[in-house]
Amino acid sequence: MTSLPRILFFNPVRHAHQAYEALQSVAACEVVTSASRAEFFSDIRGKYNDVQVIYRTSASGAVAGNFDEEFISHLPPSLKYICHNGAGYDQIDVHAAAARGISVTYAPDPVTAATADLTLFLLLGALRQLNPSFSKLRSGQFKKGVAFGHDPQGKTLGILGMGRIGRAVKARADPFGLKTVYHNRNPLPNDLGAGASYVSFDQLLAESDIISVHVPLSAKTKHLIGAKEIAKMKPGVVLVNTARGAIIDEAAMAVALDEGRIAAVGLDVYEQEPFIDERLMKNERALLVPHLGTHTTETLAKMEAHAMENAKRAVLGQDLLTVVPEQLARSNGVTGVH
Ligand SMILES: O=CC(=O)O
């Protein structure tokens, strides 16, 4: 009897249990037991040396670290697929993977609505200066000394990165009377822009009352917003980031917030998670949540199921659902193991 292809799970499936059960009929699924990166490098030469697919989550970085060139170089020849369960795959060196013949898949669609919802929460919360009111209320002062917020109606929202999530944010911002401008590498066809005006990067910085970041993190977008860019923004701007922390120079943002150049920030992501710049932690005009963009039962279930569908297709030799764009550009019609 031939044994089933092996899928190694970096972190157990927590929500999409039915999909996990269904996968057992086509693959031998197991959760990695290595407790550190070094231990994994040893285990992958031993007990995991014929694994074909890795399923991974962002949280797996806590043990394994990034799937960088070094990590990829330790993977055995049998390993042909890395199926990531999130939209952002900056923790994976997709070029090093491609050079080793490893296809990387991601899960873009499942995260869109939940991330856009949280963006609106942070946007409105920061604009209304809600965060300082939380501690006032709890310290028994009710709203004594609570600063006035601002209304969204008639304000300009600048969306940096009008992809799936940026567009979903625009749709949610419309009913609040926000006027949206956006910047992308290229303008979108009119139907996708949905009435938002395309502007240059500098125009977006200069014209927006609120700026929301939705570009992926890469070498090109790291510190896309730093002190120089913040200086070009309207005094009193509100900055929102639910993409990746390192797109903004966190220290420069913290200084500008303390100086009052930035009126408020709404953040879900940080440069060195779980570390957060102390100035941001101390400044009540920073509305901060701990990378919760997709942290709902329904969305996590969809993300897990999507990644497992890619893993299933990989072991069955079927077309993969969502290969990362960098790899798709190289080869069309990427299929599974056989
Ligand atoms: O951060 C969440 C994701 O990239 O899906």
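Counting starts at 1 for both ligands and their atoms, following the listed order. Note that the numbering runs from 1 along the sequence shown for the chain.
Close approach of ligand 1 to Gly86 is summarised as follows: ligand atoms under 4.0 Å from at least one heavy atom of the residue are 5 (O). Short contacts between ligand 1 and Val111, defined as distances under 4.0 Å to a heavy atom of the residue, involve ligand atoms 5 (O).
By the 4.0 Å N-to-carboxylate-O rule, Glu229 lies too far from Lys232 to be salt-bridged with it. For Glu30 and Arg6, the salt-bridge test passes: some basic side-chain N is under 4.0 Å from an acidic carboxylate O. Taking 4.0 Å as the cut-off between side-chain N and carboxylate O, Glu298 and Lys302 do not count as a salt-bridged pair. Ion pairing between a basic and an acidic side chain is recognised when a charged N comes within 4.0 Å of a carboxylate O; Asp249 and Lys228 show no such pairing.
Considering backbone and side-chain N/O atoms, Ala87 comes within less than 3.5 Å of an N/O atom of ligand 1. At least one N or O atom of His291 sits closer than 3.5 Å to an N or O atom of ligand 1. The shortest N/O to N/O separation between Gly88 and ligand 1 falls below 3.5 Å.
Only the side chain of Arg244 comes within 4.0 Å of ligand 1, counting heavy atoms alone; its backbone N, CA, C and O stay farther away.
Atom CZ of Arg14 has 12 or fewer heavy atoms from other residues, nucleotides or ligands within 6.0 Å.
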